[in-house]
Amino acid sequence: MTGTRRVGVLGMGTHLPPGIRTNEEVARDAGVTAQWIGERTGVLTRHVAGLDEAASDLAAHAVRSAVEAAGIDIADVGLLVCATSTPDELGPSTACRVQALVGARRAVALDVGAACSGWLFAAKVAYDWLRGAEQNGYAVVVGVEAYSKFLDPADRGTSVLFADGAAAAVLGPVSGPFGFTDFRLGSDGTQAGLVLIPGGGSRLPAAPATLAAGSHHIHMDGRSVSRFIVDVLPRLITEALDRAGLGVKDIACFVCHQPNPVLLRRLGGELGIPADRLVVVGDEVGNIGAASAAYALAAAAERHGLRPGDRVLLTVFGAGMTWGSALLTWSGARALMPVPSSAPSASHVSNVSERNLP
């Protein structure tokens, strides 16, 4: 029966543009110090797309790597889902741009908009699509952001955190016990104003007044967002473990959205998650939105030695407000994470403090 088909990750790929903004560069524009950024966020560097690069360009690189890692032909991909909050344009979908760039001519292409939760929301769409298909097939799910195009460099609440990047996964049939289980997704539209780009849509179309008001930049109520994270992340993890009858010790790897490495490490410690089981990549790439969780999952596979049969707990949360979780039993998939030639190696900030969190 199609409804009992198991779906898992067959390969992953990531892409970071070679341009980098260091804490020193960001600090000059934001009116703070590099030390302030490190202590407050834990972010050390952030990658920046070029002037001629759009979200679809970044996504296409990640998709090609994921398809290569999975060992399949791009022509065999039947579905391409792109999760982004920084699309190439309001229409068509950025997924259609990616489809054309990578030559996935047989794929149905569509976007999913759930901000930083987007990749997991998109994975659920692909999961249901594949399970309901008449025969086995492949889907590509890519998260991508080009946040640098929408930042006010003088806004220290956003410019220190958000960055550019992409991460993709090929989903397809796996044998038991591998694959995804227990997706849980949620939204609360009453909090949609906490993080948004107010200008450019049908509510505030682009005009000289919206440009003058900075309405095309990311606006974020940092304190309210931090309170939301402090509430939702522990709840997502605790409830997922309870539903599965598992404890922290049964999870090989906790893969979360990466809003702020300092806050993420603190919450992980309060939940009793050993530091070596909580994947933290935000220090090296910042908050890359819909790509964050997928990038962290690829890092877990490529750097942290995920083995076939390891349980991974995925948790995401973002603007909207949105949130979600899923359990994934790792199939042993390969991950390709090309490193931009100009990227320095990241080292951890020592003695960082969670004081003054937004």
Side-chain angles (χ1 to χ4, degrees), residues 1-13 59 62-63 66-67 70 72 74-85 87 92-96 98-99 102 104 106-144 167-189 236 239-240 243-244 255 257 289-294 297-298 311-318 320-331 333:
M1 294 176 60
T2 57
T4 61
R5 183 180 291 138
R6 300 188 70 87
V7 174
V9 174
L10 305 182
M12 299 200 71
V63 168
V67 169
I72 67 169
I74 191 67
D76 293 329
V77 174
L79 177 68
L80 195 161
V81 189
C82 179
T84 187
S85 53
S93 70
T94 298
C96 288
V98 179
Q99 179 201 30
V102 301
R106 297 179 184 172
V108 174
L110 59 99
D111 283 359
V112 167
C116 298
S117 302
W119 184 84
L120 193 63
F121 276 54
K124 181 61 163 67
V125 171
Y127 173 85
D128 288 342
W129 179 291
L130 293 170
R131 278 170 57 89
E134 294 182 357
Q135 57 187 9
N136 286 337
Y138 304 108
V140 174
V141 181
V142 58
V144 61
V170 174
L171 271 55
V174 292
S175 58
F178 307 121
F180 287 100
T181 58
D182 195 35
F183 279 94
R184 298 296 171 106
L185 309 177
S187 307
D188 179 5
L236 286 172
E239 291 179 355
R243 285 194 303 270
V255 172
H257 172 50
S292 289
L297 180 59
R311 290 192 188 98
V312 179
L313 178 54
L314 292 151
T315 52
V316 295
F317 36 88
M321 300 295 282
T322 58
W323 60 88
S325 66
L327 280 168
L328 172 63
T329 302
W330 192 246
S331 61

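In this chain, numbering begins with 1 at the start of the sequence shown.
Checked by atom type and distance alone, the side chain of R311 never pairs as donor or acceptor with a backbone atom of L327 at under 3.5 Å.
Residues passing the side-chain contact (heavy atoms from CB on, under 4.5 Å) test with N136 are R5, P173, sequence neighbours excluded. With sequence neighbours excluded, no residue forms a ring-ring contact (aromatic ring centres under 6.0 Å, His included) with F178. For the salt bridge (charged side-chain N to carboxylate O under 4.0 Å, His left out) test, residues two or more places apart in sequence or in another chain that qualify with D182 are R184, R243. Evaluation of the ring-ring contact (aromatic ring centres under 6.0 Å, His included) rule for Y127 yields F183 as partners, not counting sequence neighbours. C82 meets the side-chain contact (heavy atoms from CB on, under 4.5 Å) test with T84, T94, A95, D111, V142, V144; sequence neighbours excluded. Applying the side-chain contact (heavy atoms from CB on, under 4.5 Å) test to A126 and every residue at least two apart in sequence or in another chain returns L79, A139, V141, L171. In this view, A104 and I74, L80, Q99, V102, A107 satisfy the side-chain contact (heavy atoms from CB on, under 4.5 Å) rule, not counting sequence neighbours. Applying the ring-ring contact (aromatic ring centres under 6.0 Å, His included) test to Y138 and every residue at least two apart in sequence or in another chain returns nothing.
V170 and I72 get closest at one heavy-atom pair: CG1-CD1, 3.8 Å. Heavy-atom minimum distance, G143 versus A291: O-CB, 3.2 Å. Contact record, C116 with G318: CB-CA, 3.9 Å, taken as the closest heavy-atom pair. The heavy-atom pair separating A83 from A290 by the smallest distance is O-CB, 3.4 Å. Residues L10 and G172 share a closest heavy-atom pair of CD1-CA, 3.7 Å. Counting all heavy atoms, side chain and backbone alike, A66 lies closest to A168 at CB-O, 3.7 Å.
Atom CG in L130 sits 10.5 Å away from atom CZ in F180 (nearest 0.5 Å). Atom CH2 of W330 is separated from atom CG of L297 by 4.5 Å, given to the nearest 0.5 angstrom. Atom CG in L236 sits 11.5 Å away from atom CG in L314 (nearest 0.5 Å).
Counting only heavy atoms from C-beta outward, the side chains of W323 and D188 approach each other to under 4.5 Å. Under the 4.5 Å side-chain criterion, counting only non-hydrogen atoms from C-beta, T315 is not in contact with H257. Between V67 and V140, some side-chain heavy-atom pair lies under the 4.5 Å cut-off.
Applying the side-chain hydrogen bond (donor to acceptor under 3.5 Å, both in side chains) test to residues at least two apart or on different chains, the pairs with a partner in residues 115-124 are S117-T322, K124-D128.
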